[in-house]
Number of protein chains: 2
Amino acid sequence: MAGSEKKTELTRAEQKKATRRKLIETTIAIIATDGLSGVTLAKVAELAGLSRGICNYHFRTKDQLLLETFQTVYREHERAWKNALADQRMPPIHRLKRFIRVLLLPPVADFNKVAVWLAFWGEATNRRNYLYLCTAMDQDFENEVAAVLGEIGPPRNGSSGMDLGAVAVALTGMIDGFWVQYLIAPGRLSPEHAISACLAYLSRFYPEFCDTDSA
Amino acid sequence: MAGSEKKTELTRAEQKKATRRKLIETTIAIIATDGLSGVTLAKVAELAGLSRGICNYHFRTKDQLLLETFQTVYREHERAWKNALADQRMPPIHRLKRFIRVLLLPPVADFNKVAVWLAFWGEATNRRNYLYLCTAMDQDFENEVAAVLGEIGPPRNGSSGMDLGAVAVALTGMIDGFWVQYLIAPGRLSPEHAISACLAYLSRFYPEFCDTDSA
DNA sequence: TGCCACTGAATGAACGTATAGTCAACAAAA
DNA sequence: TTTTGTTGACTATACGTTCATTCAGTGGCA
(Lines give C-alpha, C1' and ligand atoms only; values in the text may rest on other atoms or scores of the structure.)
Protein backbone atom coordinates (compact mmCIF):
# COMPACT_ATOMS: atom_id res chain seq x y z
CA MET A 1 0.00 0.00 0.00
CA ALA A 2 2.45 2.64 1.21
CA GLY A 3 5.07 2.37 -1.49
CA SER A 4 7.76 0.83 0.65
CA GLU A 5 9.59 -1.59 -1.56
CA LYS A 6 12.41 -3.09 0.46
CA LYS A 7 13.98 -5.30 -2.17
CA THR A 8 17.42 -4.15 -1.14
CA GLU A 9 19.34 -7.37 -0.80
CA LEU A 10 18.43 -8.48 2.68
CA THR A 11 19.04 -11.93 4.02
CA ARG A 12 16.00 -13.86 5.14
CA ALA A 13 16.83 -13.35 8.80
CA GLU A 14 17.16 -9.61 8.31
CA GLN A 15 13.89 -9.46 6.43
CA LYS A 16 12.14 -11.32 9.18
CA LYS A 17 13.46 -9.01 11.84
CA ALA A 18 12.50 -5.99 9.78
CA THR A 19 8.97 -7.30 9.37
CA ARG A 20 8.63 -7.88 13.09
CA ARG A 21 9.80 -4.37 13.79
CA LYS A 22 7.42 -2.96 11.23
CA LEU A 23 4.48 -4.77 12.78
CA ILE A 24 5.35 -3.39 16.20
CA GLU A 25 5.77 0.13 14.87
CA THR A 26 2.45 -0.11 13.09
CA THR A 27 0.84 -1.27 16.31
CA ILE A 28 2.26 1.74 18.15
CA ALA A 29 0.86 4.07 15.51
CA ILE A 30 -2.58 2.49 15.74
CA ILE A 31 -2.62 2.72 19.53
CA ALA A 32 -1.79 6.42 19.25
CA THR A 33 -4.50 7.19 16.74
CA ASP A 34 -7.25 4.71 17.57
CA GLY A 35 -6.50 3.58 21.11
CA LEU A 36 -5.78 0.09 22.37
CA SER A 37 -9.29 -1.01 21.43
CA GLY A 38 -8.62 0.13 17.88
CA VAL A 39 -5.86 -2.42 17.42
CA THR A 40 -7.00 -5.22 15.13
CA LEU A 41 -4.73 -7.83 13.63
CA ALA A 42 -6.28 -7.16 10.25
CA LYS A 43 -5.65 -3.42 10.61
CA VAL A 44 -2.05 -3.94 11.68
CA ALA A 45 -1.43 -6.21 8.72
CA GLU A 46 -3.10 -3.86 6.27
CA LEU A 47 -1.25 -0.77 7.47
CA ALA A 48 2.00 -2.69 7.36
CA GLY A 49 1.15 -3.68 3.79
CA LEU A 50 1.08 -7.38 4.61
CA SER A 51 -1.47 -10.13 4.73
CA ARG A 52 -3.95 -11.15 7.38
CA GLY A 53 -2.12 -14.06 8.92
CA ILE A 54 1.16 -12.26 9.39
CA CYS A 55 0.74 -11.17 12.99
CA ASN A 56 -0.05 -14.67 14.14
CA TYR A 57 3.00 -15.88 12.33
CA HIS A 58 5.46 -13.53 13.99
CA PHE A 59 3.72 -13.30 17.36
CA ARG A 60 1.67 -16.32 18.24
CA THR A 61 -1.24 -14.36 19.61
CA LYS A 62 -2.53 -10.81 19.63
CA ASP A 63 -1.68 -10.55 23.30
CA GLN A 64 1.90 -11.41 22.52
CA LEU A 65 2.06 -8.68 19.88
CA LEU A 66 0.72 -6.14 22.35
CA LEU A 67 3.09 -7.24 25.08
CA GLU A 68 6.11 -7.01 22.80
CA THR A 69 4.95 -3.63 21.58
CA PHE A 70 4.87 -2.41 25.12
CA GLN A 71 8.26 -3.89 25.87
CA THR A 72 9.71 -2.11 22.87
CA VAL A 73 8.52 1.29 24.05
CA TYR A 74 9.58 0.44 27.56
CA ARG A 75 13.11 -0.50 26.57
CA GLU A 76 13.66 2.55 24.40
CA HIS A 77 12.52 4.68 27.28
CA GLU A 78 14.73 2.86 29.74
CA ARG A 79 17.78 3.26 27.55
CA ALA A 80 17.16 6.99 27.25
CA TRP A 81 16.90 7.78 30.94
CA LYS A 82 19.62 5.40 32.06
CA ASN A 83 21.89 7.04 29.57
CA ALA A 84 21.04 10.46 30.99
CA LEU A 85 22.12 9.36 34.44
CA ALA A 86 25.15 7.36 33.38
CA ASP A 87 28.01 9.81 33.10
CA GLN A 88 29.57 9.53 36.55
CA ARG A 89 31.96 12.39 35.91
CA MET A 90 29.14 14.90 36.03
CA PRO A 91 27.90 16.15 39.40
CA PRO A 92 24.66 14.47 40.54
CA ILE A 93 22.64 17.67 40.27
CA HIS A 94 23.61 18.05 36.66
CA ARG A 95 22.80 14.42 35.90
CA LEU A 96 19.40 14.65 37.51
CA LYS A 97 18.58 17.79 35.56
CA ARG A 98 19.53 16.06 32.36
CA PHE A 99 17.40 13.10 33.38
CA ILE A 100 14.37 15.33 33.87
CA ARG A 101 14.92 17.12 30.58
CA VAL A 102 15.28 13.86 28.67
CA LEU A 103 12.04 12.52 30.07
CA LEU A 104 9.99 15.63 29.41
CA LEU A 105 11.25 16.60 25.96
CA PRO A 106 11.09 14.81 22.61
CA PRO A 107 11.99 12.24 21.48
CA VAL A 108 11.10 10.45 24.73
CA ALA A 109 8.07 12.61 25.45
CA ASP A 110 6.70 11.87 21.98
CA PHE A 111 2.96 11.75 21.39
CA ASN A 112 2.87 8.19 20.07
CA LYS A 113 5.04 6.79 22.80
CA VAL A 114 3.21 8.55 25.60
CA ALA A 115 -0.07 7.34 24.10
CA VAL A 116 1.23 3.78 24.38
CA TRP A 117 2.19 4.29 28.02
CA LEU A 118 -1.23 5.64 28.89
CA ALA A 119 -2.99 2.88 26.99
CA PHE A 120 -1.16 0.22 28.94
CA TRP A 121 -1.51 1.98 32.27
CA GLY A 122 -5.25 1.96 31.65
CA GLU A 123 -5.24 -1.80 31.22
CA ALA A 124 -2.52 -2.53 33.74
CA THR A 125 -4.86 -3.27 36.59
CA ASN A 126 -6.11 -6.44 34.97
CA ARG A 127 -3.37 -7.67 32.67
CA ARG A 128 -0.80 -9.10 34.98
CA ASN A 129 2.03 -8.90 32.50
CA TYR A 130 1.48 -5.26 31.80
CA LEU A 131 1.19 -4.40 35.46
CA TYR A 132 4.32 -6.32 36.24
CA LEU A 133 6.28 -4.35 33.66
CA CYS A 134 4.80 -1.02 34.73
CA THR A 135 5.56 -1.63 38.37
CA ALA A 136 9.02 -3.01 37.78
CA MET A 137 9.95 -0.09 35.57
CA ASP A 138 8.66 2.43 38.05
CA GLN A 139 10.55 0.71 40.85
CA ASP A 140 13.78 0.76 38.90
CA PHE A 141 13.23 4.34 37.91
CA GLU A 142 12.58 5.41 41.44
CA ASN A 143 15.57 3.53 42.84
CA GLU A 144 17.96 5.25 40.48
CA VAL A 145 16.50 8.65 41.20
CA ALA A 146 16.83 7.97 44.91
CA ALA A 147 20.45 6.92 44.38
CA VAL A 148 21.34 10.15 42.60
CA LEU A 149 19.53 12.23 45.21
CA GLY A 150 21.44 10.28 47.84
CA GLU A 151 24.69 11.41 46.27
CA ILE A 152 23.65 14.99 46.82
CA GLY A 153 22.66 14.37 50.42
CA PRO A 154 19.65 13.91 52.64
CA PRO A 155 16.60 16.02 51.79
CA ARG A 156 15.99 19.16 53.85
CA ASN A 157 12.46 18.14 54.44
CA GLY A 158 11.34 20.72 56.96
CA SER A 159 8.35 19.14 58.62
CA SER A 160 7.02 17.43 55.52
CA GLY A 161 8.01 13.97 56.73
CA MET A 162 9.33 13.06 53.29
CA ASP A 163 12.45 10.96 53.17
CA LEU A 164 14.66 10.37 50.18
CA GLY A 165 12.48 7.56 48.84
CA ALA A 166 9.32 9.60 49.08
CA VAL A 167 10.92 12.52 47.27
CA ALA A 168 11.92 10.14 44.48
CA VAL A 169 8.52 8.43 44.13
CA ALA A 170 6.75 11.74 43.98
CA LEU A 171 9.13 12.97 41.28
CA THR A 172 8.34 9.84 39.29
CA GLY A 173 4.64 10.52 39.71
CA MET A 174 5.01 14.12 38.63
CA ILE A 175 6.70 13.14 35.42
CA ASP A 176 3.99 10.59 34.68
CA GLY A 177 1.41 13.28 35.33
CA PHE A 178 3.03 15.74 32.95
CA TRP A 179 2.89 13.09 30.25
CA VAL A 180 -0.80 12.71 30.89
CA GLN A 181 -1.11 16.46 30.47
CA TYR A 182 0.73 16.35 27.16
CA LEU A 183 -1.82 13.86 25.88
CA ILE A 184 -5.15 15.06 27.17
CA ALA A 185 -4.43 18.77 26.87
CA PRO A 186 -1.77 19.10 24.19
CA GLY A 187 0.11 22.36 24.29
CA ARG A 188 -1.29 23.59 27.56
CA LEU A 189 1.79 22.55 29.51
CA SER A 190 5.01 23.31 27.70
CA PRO A 191 7.94 20.96 28.26
CA GLU A 192 9.94 23.89 29.64
CA HIS A 193 7.31 24.60 32.25
CA ALA A 194 7.07 20.92 33.13
CA ILE A 195 10.82 20.86 33.70
CA SER A 196 10.67 24.04 35.77
CA ALA A 197 7.92 22.50 37.86
CA CYS A 198 10.07 19.47 38.63
CA LEU A 199 12.97 21.69 39.63
CA ALA A 200 10.72 23.88 41.75
CA TYR A 201 9.55 20.79 43.58
CA LEU A 202 13.07 19.48 44.10
CA SER A 203 14.35 22.87 45.24
CA ARG A 204 12.19 22.54 48.33
CA PHE A 205 14.32 19.58 49.42
CA TYR A 206 17.55 20.45 47.65
CA PRO A 207 18.02 24.21 47.38
CA GLU A 208 20.77 23.66 44.82
CA PHE A 209 18.07 23.05 42.19
CA CYS A 210 16.71 26.53 42.78
CA ASP A 211 18.84 28.06 40.08
CA THR A 212 18.70 30.06 36.90
CA ASP A 213 20.19 28.10 34.06
CA SER A 214 18.98 24.70 32.86
CA ALA A 215 21.17 22.20 31.08
CA MET B 1 -27.59 -13.43 41.74
CA ALA B 2 -26.37 -11.01 44.40
CA GLY B 3 -29.25 -11.10 46.82
CA SER B 4 -30.36 -7.52 46.38
CA GLU B 5 -34.12 -7.50 46.56
CA LYS B 6 -35.30 -3.92 46.25
CA LYS B 7 -39.04 -4.51 46.46
CA THR B 8 -39.41 -1.71 48.98
CA GLU B 9 -42.32 0.25 47.56
CA LEU B 10 -40.60 2.32 44.93
CA THR B 11 -42.41 4.09 42.14
CA ARG B 12 -41.55 3.01 38.65
CA ALA B 13 -39.57 6.16 38.01
CA GLU B 14 -37.51 5.60 41.13
CA GLN B 15 -36.93 1.97 40.22
CA LYS B 16 -35.79 2.94 36.77
CA LYS B 17 -33.36 5.49 38.12
CA ALA B 18 -32.02 2.97 40.62
CA THR B 19 -31.48 0.40 37.88
CA ARG B 20 -29.61 2.92 35.74
CA ARG B 21 -27.39 3.83 38.66
CA LYS B 22 -26.73 0.19 39.40
CA LEU B 23 -25.70 -0.50 35.82
CA ILE B 24 -23.27 2.41 35.91
CA GLU B 25 -21.82 1.33 39.23
CA THR B 26 -21.39 -2.20 37.93
CA THR B 27 -19.63 -0.81 34.88
CA ILE B 28 -17.24 1.15 37.08
CA ALA B 29 -16.44 -1.98 39.07
CA ILE B 30 -15.75 -3.98 35.91
CA ILE B 31 -13.47 -1.27 34.50
CA ALA B 32 -11.49 -1.31 37.75
CA THR B 33 -11.04 -5.07 37.80
CA ASP B 34 -10.96 -6.03 34.11
CA GLY B 35 -10.15 -2.81 32.29
CA LEU B 36 -12.18 -1.04 29.65
CA SER B 37 -11.75 -3.96 27.28
CA GLY B 38 -13.29 -6.23 29.91
CA VAL B 39 -16.60 -4.41 29.81
CA THR B 40 -19.25 -6.53 28.12
CA LEU B 41 -22.95 -5.78 28.09
CA ALA B 42 -23.63 -9.36 29.12
CA LYS B 43 -21.18 -9.10 32.00
CA VAL B 44 -22.62 -5.82 33.22
CA ALA B 45 -26.12 -7.27 33.14
CA GLU B 46 -25.12 -10.45 34.90
CA LEU B 47 -23.19 -8.70 37.68
CA ALA B 48 -26.10 -6.33 38.15
CA GLY B 49 -28.38 -9.36 38.44
CA LEU B 50 -30.45 -8.39 35.39
CA SER B 51 -31.05 -9.73 31.92
CA ARG B 52 -29.05 -9.39 28.74
CA GLY B 53 -31.08 -6.72 27.00
CA ILE B 54 -31.14 -4.33 29.95
CA CYS B 55 -28.19 -2.14 29.02
CA ASN B 56 -29.55 -1.45 25.59
CA TYR B 57 -32.83 -0.47 27.12
CA HIS B 58 -31.42 2.11 29.54
CA PHE B 59 -28.56 3.30 27.34
CA ARG B 60 -29.18 2.90 23.65
CA THR B 61 -25.68 1.70 22.89
CA LYS B 62 -22.66 0.43 24.74
CA ASP B 63 -20.85 3.63 23.90
CA GLN B 64 -23.58 5.59 25.60
CA LEU B 65 -23.25 3.47 28.73
CA LEU B 66 -19.52 4.07 28.82
CA LEU B 67 -19.89 7.78 28.22
CA GLU B 68 -22.45 8.15 31.00
CA THR B 69 -20.26 6.08 33.29
CA PHE B 70 -17.43 8.45 32.68
CA GLN B 71 -19.66 11.47 33.18
CA THR B 72 -20.84 10.08 36.49
CA VAL B 73 -17.31 9.74 37.83
CA TYR B 74 -16.46 13.10 36.38
CA ARG B 75 -19.37 14.88 38.03
CA GLU B 76 -18.77 13.32 41.43
CA HIS B 77 -15.19 14.40 41.21
CA GLU B 78 -16.14 17.89 40.13
CA ARG B 79 -18.59 18.31 42.98
CA ALA B 80 -15.94 17.27 45.49
CA TRP B 81 -13.23 19.66 44.46
CA LYS B 82 -15.53 22.60 43.75
CA ASN B 83 -16.92 22.13 47.20
CA ALA B 84 -13.43 22.18 48.68
CA LEU B 85 -12.76 25.55 47.09
CA ALA B 86 -16.19 27.05 47.70
CA ASP B 87 -16.10 28.54 51.18
CA GLN B 88 -15.13 32.12 50.42
CA ARG B 89 -14.73 32.97 54.10
CA MET B 90 -11.62 30.85 54.34
CA PRO B 91 -8.28 32.28 53.25
CA PRO B 92 -7.19 31.11 49.78
CA ILE B 93 -4.21 29.18 51.13
CA HIS B 94 -6.45 27.17 53.37
CA ARG B 95 -8.90 26.48 50.57
CA LEU B 96 -6.19 25.31 48.22
CA LYS B 97 -4.75 23.00 50.84
CA ARG B 98 -8.18 21.51 51.39
CA PHE B 99 -8.54 21.14 47.64
CA ILE B 100 -5.30 19.19 47.38
CA ARG B 101 -6.20 16.97 50.31
CA VAL B 102 -9.63 16.18 48.88
CA LEU B 103 -8.15 15.16 45.54
CA LEU B 104 -5.44 12.94 46.95
CA LEU B 105 -7.31 11.16 49.73
CA PRO B 106 -10.31 8.84 49.66
CA PRO B 107 -13.11 8.93 48.71
CA VAL B 108 -12.04 10.91 45.63
CA ALA B 109 -8.71 9.13 45.24
CA ASP B 110 -10.48 5.77 45.33
CA PHE B 111 -9.05 2.83 43.40
CA ASN B 112 -12.16 2.21 41.29
CA LYS B 113 -12.62 5.84 40.37
CA VAL B 114 -8.99 6.42 39.53
CA ALA B 115 -9.05 3.28 37.41
CA VAL B 116 -11.93 4.76 35.44
CA TRP B 117 -10.04 8.00 34.88
CA LEU B 118 -7.00 6.17 33.61
CA ALA B 119 -9.06 3.90 31.38
CA PHE B 120 -10.71 6.84 29.70
CA TRP B 121 -7.52 8.84 29.42
CA GLY B 122 -6.06 5.89 27.58
CA GLU B 123 -8.82 5.98 25.03
CA ALA B 124 -9.27 9.74 25.02
CA THR B 125 -7.02 10.44 22.08
CA ASN B 126 -9.38 8.79 19.62
CA ARG B 127 -12.84 9.07 21.11
CA ARG B 128 -13.88 12.66 20.67
CA ASN B 129 -16.43 12.65 23.45
CA TYR B 130 -13.99 11.37 26.00
CA LEU B 131 -11.28 13.78 24.97
CA TYR B 132 -13.71 16.65 25.07
CA LEU B 133 -14.72 15.81 28.63
CA CYS B 134 -11.13 15.23 29.77
CA THR B 135 -9.93 18.48 28.30
CA ALA B 136 -12.89 20.51 29.48
CA MET B 137 -12.56 19.19 33.00
CA ASP B 138 -8.88 19.87 33.13
CA GLN B 139 -9.40 23.37 31.79
CA ASP B 140 -12.04 24.14 34.38
CA PHE B 141 -9.91 22.64 37.10
CA GLU B 142 -6.89 24.66 36.14
CA ASN B 143 -8.85 27.91 35.85
CA GLU B 144 -10.17 27.60 39.36
CA VAL B 145 -6.76 26.75 40.77
CA ALA B 146 -5.33 29.75 38.96
CA ALA B 147 -8.09 31.92 40.40
CA VAL B 148 -7.34 30.86 43.97
CA LEU B 149 -3.62 31.31 43.46
CA GLY B 150 -4.41 34.75 42.03
CA GLU B 151 -6.11 35.66 45.28
CA ILE B 152 -2.88 34.96 47.11
CA GLY B 153 -0.83 36.99 44.68
CA PRO B 154 1.56 36.63 41.76
CA PRO B 155 4.00 33.70 41.95
CA ARG B 156 7.56 34.42 43.09
CA ASN B 157 8.91 32.60 40.15
CA GLY B 158 12.58 33.44 40.42
CA SER B 159 13.86 32.81 36.93
CA SER B 160 11.68 29.81 36.19
CA GLY B 161 9.54 31.72 33.73
CA MET B 162 6.37 30.21 35.16
CA ASP B 163 3.38 32.46 35.41
CA LEU B 164 0.26 31.83 37.41
CA GLY B 165 -1.32 29.70 34.68
CA ALA B 166 1.74 27.51 34.31
CA VAL B 167 1.93 26.95 38.07
CA ALA B 168 -1.71 25.85 38.00
CA VAL B 169 -1.40 23.48 35.01
CA ALA B 170 1.61 21.82 36.50
CA LEU B 171 -0.21 21.32 39.80
CA THR B 172 -3.04 19.68 37.88
CA GLY B 173 -0.55 17.42 36.14
CA MET B 174 1.11 16.48 39.40
CA ILE B 175 -2.16 15.39 40.92
CA ASP B 176 -2.97 13.31 37.82
CA GLY B 177 0.46 11.74 38.11
CA PHE B 178 0.00 10.82 41.75
CA TRP B 179 -3.21 9.05 40.80
CA VAL B 180 -1.30 7.07 38.22
CA GLN B 181 1.14 6.12 40.97
CA TYR B 182 -1.68 4.97 43.21
CA LEU B 183 -2.82 2.61 40.46
CA ILE B 184 0.35 1.18 39.00
CA ALA B 185 2.33 1.01 42.23
CA PRO B 186 -0.27 0.80 44.99
CA GLY B 187 1.07 1.75 48.40
CA ARG B 188 4.39 3.07 47.23
CA LEU B 189 3.29 6.70 47.41
CA SER B 190 1.20 7.45 50.48
CA PRO B 191 -1.49 10.10 50.16
CA GLU B 192 0.26 12.12 52.85
CA HIS B 193 3.49 12.17 50.88
CA ALA B 194 1.61 13.08 47.72
CA ILE B 195 0.05 16.02 49.53
CA SER B 196 3.42 17.07 50.94
CA ALA B 197 4.89 16.92 47.45
CA CYS B 198 2.22 19.29 46.13
CA LEU B 199 2.86 21.71 48.96
CA ALA B 200 6.60 21.48 48.45
CA TYR B 201 6.10 22.38 44.82
CA LEU B 202 3.79 25.29 45.62
CA SER B 203 6.09 26.61 48.34
CA ARG B 204 8.62 27.45 45.67
CA PHE B 205 6.21 30.03 44.24
CA TYR B 206 4.23 30.80 47.38
CA PRO B 207 6.37 30.50 50.51
CA GLU B 208 3.23 30.57 52.65
CA PHE B 209 2.70 26.88 51.74
CA CYS B 210 6.02 26.03 53.31
CA ASP B 211 4.52 25.33 56.71
CA THR B 212 4.13 22.69 59.34
CA ASP B 213 0.49 21.89 59.87
CA SER B 214 -1.85 20.56 57.20
CA ALA B 215 -5.61 21.02 57.26
C1' DT C 1 29.11 -22.11 -12.40
C1' DG C 2 24.52 -23.85 -12.99
C1' DC C 3 20.87 -26.85 -11.41
C1' DC C 4 17.61 -28.31 -8.07
C1' DA C 5 15.60 -29.89 -3.71
C1' DC C 6 14.39 -27.80 0.43
C1' DT C 7 13.20 -24.24 3.86
C1' DG C 8 10.38 -21.04 5.78
C1' DA C 9 8.32 -16.36 5.33
C1' DA C 10 4.11 -14.83 3.72
C1' DT C 11 -0.62 -15.45 1.91
C1' DG C 12 -5.66 -15.32 2.23
C1' DA C 13 -9.76 -18.11 2.45
C1' DA C 14 -12.29 -20.40 5.97
C1' DC C 15 -13.88 -21.11 10.64
C1' DG C 16 -15.49 -20.49 15.34
C1' DT C 17 -16.39 -17.50 18.91
C1' DA C 18 -17.58 -13.42 21.35
C1' DT C 19 -20.58 -9.90 21.66
C1' DA C 20 -23.39 -5.66 20.36
C1' DG C 21 -27.82 -4.81 19.15
C1' DT C 22 -33.06 -6.26 18.06
C1' DC C 23 -37.55 -7.56 19.16
C1' DA C 24 -41.72 -10.02 20.40
C1' DA C 25 -43.61 -11.38 24.64
C1' DC C 26 -44.62 -10.65 29.48
C1' DA C 27 -46.05 -8.87 33.88
C1' DA C 28 -46.57 -5.36 37.13
C1' DA C 29 -47.52 -0.53 37.98
C1' DA C 30 -50.44 3.34 36.79
C1' DT D 1 -56.90 -1.16 30.12
C1' DT D 2 -52.76 1.08 28.97
C1' DT D 3 -48.09 1.94 29.80
C1' DT D 4 -43.56 0.51 30.39
C1' DG D 5 -39.59 -1.76 32.67
C1' DT D 6 -37.70 -6.16 31.89
C1' DT D 7 -36.78 -10.56 29.73
C1' DG D 8 -34.15 -13.82 26.82
C1' DA D 9 -33.94 -15.90 22.42
C1' DC D 10 -32.23 -14.43 18.08
C1' DT D 11 -29.44 -11.94 14.42
C1' DA D 12 -25.55 -9.85 12.46
C1' DT D 13 -20.92 -9.14 12.42
C1' DA D 14 -16.30 -8.15 13.80
C1' DC D 15 -12.33 -10.38 14.91
C1' DG D 16 -8.71 -13.82 16.42
C1' DT D 17 -6.87 -17.91 14.88
C1' DT D 18 -5.90 -21.86 11.71
C1' DC D 19 -3.95 -24.01 7.81
C1' DA D 20 -3.23 -25.59 3.11
C1' DT D 21 -0.74 -23.31 -0.35
C1' DT D 22 2.70 -20.36 -2.71
C1' DC D 23 7.18 -19.10 -4.01
C1' DA D 24 11.56 -16.51 -3.29
C1' DG D 25 15.81 -17.38 -1.08
C1' DT D 26 19.32 -20.68 0.28
C1' DG D 27 22.71 -24.10 0.22
C1' DG D 28 24.31 -28.64 -1.38
C1' DC D 29 25.88 -31.09 -5.36
C1' DA D 30 27.45 -32.14 -9.95
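Since the model is a prediction, treat every value here as computed from it, not as a measurement.
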**Q** Please tabulate the protein-to-nucleotide N/O contacts below 3.5 Å involving nucleotides 22-24 of chain D, giving atom names and distances.
**A**
| unit_1 | atom_1 | unit_2 | atom_2 | d |
| --- | --- | --- | --- | --- |
| D:dA24 | N3 | A:R12 | NH2 | 3.0 |

**Q** Round to the nearest Å and state the distance from B:I54 atom CD1 to D:dT6 atom C1'.
**A**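 The answer, rounded to whole Å, is 5 Å.
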
**Q** So do A:R188 and B:D138 actually touch side chain to side chain, heavy atoms under 4.5 Å?
**A**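 A side-chain contact under 4.5 Å exists here.
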
**Q** Would B:W121 and B:Y130 count as a close aromatic pair, with their ring centres under 6.0 Å?
**A**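 Here the rings of B:Y130 and B:W121 have centres that are no less than 6.0 Å from each other.
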
**Q** Aromatic contact between B:F99 and B:F141, with the criterion being ring centroids under 6.0 Å apart: yes or no?
**A**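 Ring centroids of B:F99 and B:F141 are less than 6.0 Å from each other.
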
**Q** Does the side chain of A:T19 get closer than 4.0 angstrom to OP1 or OP2 of C:dA10 through an N or O atom?
**A**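 Answer is yes, contact under 4.0 Å.
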
**Q** I need the NZ-P distance between A:K17 and D:dG25, as an integer number of Å.
**A**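 That distance rounds to 20 Å.
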
**Q** Please confirm whether the ring centroid of B:F209 lies under 6.0 Å from the ring centroid of B:F205.
**A**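 Ring centres of B:F205 and B:F209 not closer than 6.0 Å.
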
**Q** Can you check the B:R60 CZ to C:dG21 P distance for me, whole Å?
**A**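 Value for this atom pair: 9 Å.
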
**Q** Map B:A13 and B:N56 onto DNA chain C by nearest heavy atom, then report which one ends up closer to the 5' terminus.
**A**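 Whichever sits nearer the 5' end wins; that is B:N56.
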
**Q** Testing B:I31, B:V44, B:V39 one by one against B:T26 for a side-chain contact (heavy atoms from CB on, under 4.5 Å), which residue passes?
**A**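 Going through the options one by one, the only one that passes is B:V44.
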
**Q** Using whole Å, what does the distance between atom P of nucleotide C:dT19 and atom NZ of B:K43 come to?
**A**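 Answer to the nearest Å: 7 Å.
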
**Q** Which whole-number value in Å describes the distance from B:K62 NZ to D:dT13 C1'?
**A**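 Interatomic distance, NZ of B:K62 to C1' of D:dT13: 14 Å.
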
**Q** Is it the case that the side chain of B:R95 and the backbone of B:A86 share a donor-acceptor pair, with hydrogens and angles ignored and the cut-off at 3.5 Å?
**A**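 Here the side-chain-to-backbone pair does not exist.
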
**Q** Take B:Q181 and A:T172 through the side-chain hydrogen bond (donor to acceptor under 3.5 Å, both in side chains) test and state the conclusion after the steps.
**A** CA-CA 8 Å; B:Q181 285 291 308; A:T172 307; 5.4 Å; no

**Q** Does CZ in B:F111 sit with more than 12 non-hydrogen atoms of other residues, nucleotides or ligands closer than 6.0 Å?
**A**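 Correct, the count exceeds 12.
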
**Q** Which whole-number value in Å describes the distance from A:E46 CD to C:dT11 P?
**A**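 Spelled out: CD on A:E46 to P on C:dT11 is 13 Å.
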
**Q** Closest nucleotide of DNA chain D for B:K16 versus for B:R52: which of these residues is on the 5' side?
**A**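 Of the two residues, B:K16 wins.
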
**Q** Could you tell me how far apart B:Q64 (CD) and C:dG21 (P) are, to the nearest whole angstrom?
**A**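 It is 11 Å, rounded to the nearest whole Å.
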
**Q** Could you identify which residues of residues 25-41 of chain A place a heavy atom less than 4.0 Å from some atom of DNA chain D, listed by residue number, or say none?
**A**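 The answer is A:V39, A:T40, A:L41.
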
**Q** What is the distance, to the nearest angstrom, from the NE2 atom on B:H58 to the C1' atom on C:dG21?
**A**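 So the two atoms are 16 Å apart, to the nearest Å.
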
**Q** Can you tell me if B:K113 uses its side chain to pair, donor with acceptor, with the backbone of B:I28 under 3.5 Å?
**A**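 No, the answer is negative, given that no donor and acceptor are paired below the 3.5 Å cut-off.
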
